[in-house]
Q: 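Below is a structure I'd like to ask you about.
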Amino acid sequence: MKTEPMISIVGLYKRFGHHEVLKNVNIDIKPSEVLVVVGPSGSGKSTILRCINGLEHATGGHIYIEGTDITDPRTDINEVRQKVGIVFQSFNLFPHLTALKNVTLAPIQVKNIKQEVANEKALQSLAKVGLKDKADAFPAHLSGGQQQRVAIARALAMDPDVMLFDEVTSALDPELVSEVLDTMKALAREGMTMIVVTHEMGFAKEVGDRLIFMDEGEIVEDGKPVDVFTNPQHPRTREFFSKILSHL
Amino acid sequence: MGICAFTVLPVVGAVLAIVFGSVARVKIKRYDLEGSGLARAGITMGILGLAIPLIALFLYLRRDGLREFISEFFNWEILKGAMPYLLQGLLYTIKVAAIAEVCILVLGLIIALMRISRSKVISTIAAVYIDVVRGLPLLLQILLVSFGLYYLLGLKQSGITTGIIALTVCYAAYEAEIFRAGIASIHKGQMEAARSLGMGYLKAMRFVILPQAVRRVIPPLSNEFVALLKDTALLSVIAVPELLQRAREIMGNKFNETPLVGAALLYLCVTIPLMFLVRYVEKRLAKGD
């Protein structure tokens, strides 16, 4: 049985001034699929995520999320964003709110959920990322890894169908990376559809259903992580992995 | 002749003390000797010895003016009589400043949000308003608003409403710029995070950006309030019965400047504690960041 793709990116172009960041990107993502996107910096990985979330406007092409074309100006982007959670490299927690309030703000303001209901749900989300006891802490009093897990709980509180992760461990101290990756692995096991931009190749291999290698705004390679790692088809992919692996 | 003897001799002595003291210091420094403190004390004494007789001479020569100055500026009887009236003026000043501040905060925030609007038309309107207001003397604006509102709305020229509107028009432009800077200082990731959760622009502004921005601009806004409180005195030009206006009225009746000094003291009674409060709040907020 052929399942409808959850997200369908068709002929996506993105230009900043004269600089072409994305050139004819086509991706279909199935429900519950974990897609890992790797590539050198400046290759356009993050821009894809930002386009899917409407934080950047596509210069050309279409992005369908559960059938809705978000590049259509008539689409209510706020509606779409409720289905698409994103977690950023720099956490972007709201520093003036406690962890709990960070998580409940959008459900209360956007979905008009009652305070008590939202609190209860938020505590569940925080428990899921292992931070129930930090509900009343302000972001400044949390470690980077804890902040990033609160950010994940915040995105999950909107009950998204897809989660986007934009280099979420890149700003973390090395010893804090695994707690965030573990949270993401648990999420993947629950069947969440995920697009993960990362430099964590171990995570890509273990959790990814599919891996895309990007370079200079183009998809160079697309396949199962193990295949791409062990038998890259394209010389640019080979060059990239040889550089990374020489560090290991 | 006596006065000359009393001033010339000390002055000559003082000059000698400064010259010898300086020479001694140079020598002491060059040969790294003891006693540089003593030499410095000598120079200090010399400077005092020079200044005191000269000031005494000046006061002696201006003795008639000095007597007049004291009776005009520090007349206890007049001050006592004027105080109740001045205190009423102070209350009026505080009332005008407080009401105006509320209006200014509201209008200033609206102008700031217009200024950063993505609509070119709206942001240009705000920019023009800010530049025009900031490019004009406040005194002139007060006169323009006062006469303008009199003809347009029939408002009393010296009324509290006129005064508050004039101050609001002016200060809102400055505080709009402060708000704008505060909003711009919030990292753009905050807006993106809020929007990515499905919040609209206005909701993101209200619940995420503004609470952080307002916290940051409390110190500059408090300073603006102190300035506003002092600038209410300019309303005396349209005869609003605030503190300075009342002082000038009594001054005219009594032919004596003591009420001005009384007004000065009353302004300080409010502004100095306010400035201490601003500094305290500044420190508290800096700690929290």
Side-chain angles (χ1 to χ4, degrees), chain A residues 46 49-57 76-97 101-113 118 122 138-141 147-148 150-160 162-166 171, chain B residues 105 108-109 112-113 116-123 175 178-222 278 280-289:
Chain A
S46 294
L49 296 191
R50 294 172 63 82
C51 285
I52 294 174
N53 204 266
L55 291 174
E56 304 287 355
H57 292 285
D76 180 0
I77 191 70
N78 291 331
E79 197 116 326
V80 177
R81 279 173 174 151
Q82 295 176 39
K83 296 185 209 158
V84 184
I86 185 166
V87 184
F88 301 93
Q89 180 178 352
S90 50
F91 327 141
N92 296 347
L93 286 186
F94 308 135
H96 61 300
L97 300 176
K101 290 258 164 66
N102 261 279
V103 179
T104 58
L105 181 66
I108 291 173
Q109 294 304 330
V110 180
K111 289 192 161 176
N112 296 315
I113 290 172
F138 283 91
H141 298 129
Q147 287 190 53
Q148 195 58 295
V150 172
I152 293 172
R154 178 174 72 179
L156 288 176
M158 292 298 283
D159 285 324
V162 187
M163 285 284 283
L164 312 176
F165 294 87
D166 188 4
Chain B
L105 288 174
L109 183 57
L113 291 175
I116 57 175
S117 162
R118 271 159 300 179
S119 151
K120 259 263 149 51
V121 179
I122 293 177
S123 92
E175 298 199 0
I178 294 176
F179 274 122
R180 187 171 72 104
I183 292 168
S185 77
I186 304 300
H187 194 270
K188 78 177 183 16
Q190 290 289 310
M191 180 55 103
E192 288 187 349
R195 298 303 306 273
S196 76
L197 290 164
M199 297 172 82
Y201 176 81
L202 288 177
K203 276 197 171 152
M205 244 327 159
R206 176 163 161 220
F207 293 105
V208 175
I209 307 298
L210 284 181
Q212 298 181 59
V214 164
R215 211 179 124 92
R216 280 192 199 175
V217 297
I218 283 174
L221 287 184
S222 314
V278 172
Y280 172 75
V281 170
E282 231 165 39
K283 258 191 213 147
R284 282 287 306 269
L285 287 178
K287 242 189 251 164
D289 242 3

Q: For B:Phe207 versus A:His96, what's the shortest heavy-atom pair and its separation?
A: O-NE2, 3.0 Å
Q: So which of A:Met158, A:Arg81, A:Glu79, A:Gln82 has the largest heavy-atom pair count under 4.5 angstrom toward chain B?
A: A:Arg81
Q: Select one option (side chain, backbone, both, neither) describing which atoms of A:Val87 are under 4.5 Å from chain B's heavy atoms.
A: neither
Q: I want to check something: taking the side chain as every heavy atom from C-beta on, are B:Glu192 and A:Arg50 in contact at a cut-off of under 4.5 Å?
A: yes
Q: Checking heavy atoms, do the side chain of A:Leu164, its backbone, both or neither come under 4.5 Å from chain B?
A: neither
Q: Side chains of B:Ser196 and A:Phe88: does their closest heavy-atom pair fall under 4.5 Å?
A: yes
Q: Where along residues 181-188 of chain B does a heavy atom come under 4.5 Å of chain A, listed by residue number?
A: none
Q: Which value, rounded to the nearest 0.5 Å, describes the distance between A:Ile86 atom CD1 and B:Arg195 atom CZ?
A: 13.5 Å
Q: Flag the pair A:Leu97 / B:Val208 as yes when at least one side-chain heavy-atom distance between them is below 4.5 Å, and no otherwise.
A: no
Q: Determine the option with the most heavy-atom pairs under 4.5 angstrom with chain B, choosing from A:Ala140, A:Ala155, A:Pro95.
A: A:Pro95
Q: Would you mind checking which part of B:Ala194 comes under 4.5 Å of any heavy atom in chain A, side chain (CB onward), backbone (N, CA, C, O), both or neither?
A: both
Q: Got a donor-acceptor contact below 3.5 angstrom from the A:Asn92 side chain to the B:Ala193 backbone?
A: no
Q: Evaluate the side-chain proximity of B:Leu197 to A:Arg154: yes if any heavy-atom separation is below 4.5 Å, no if none is.
A: yes
Q: Can you tell me how far NZ of B:Lys203 sits from CG of A:Asn78, rounded to the nearest 0.5 angstrom?
A: 9.5 Å
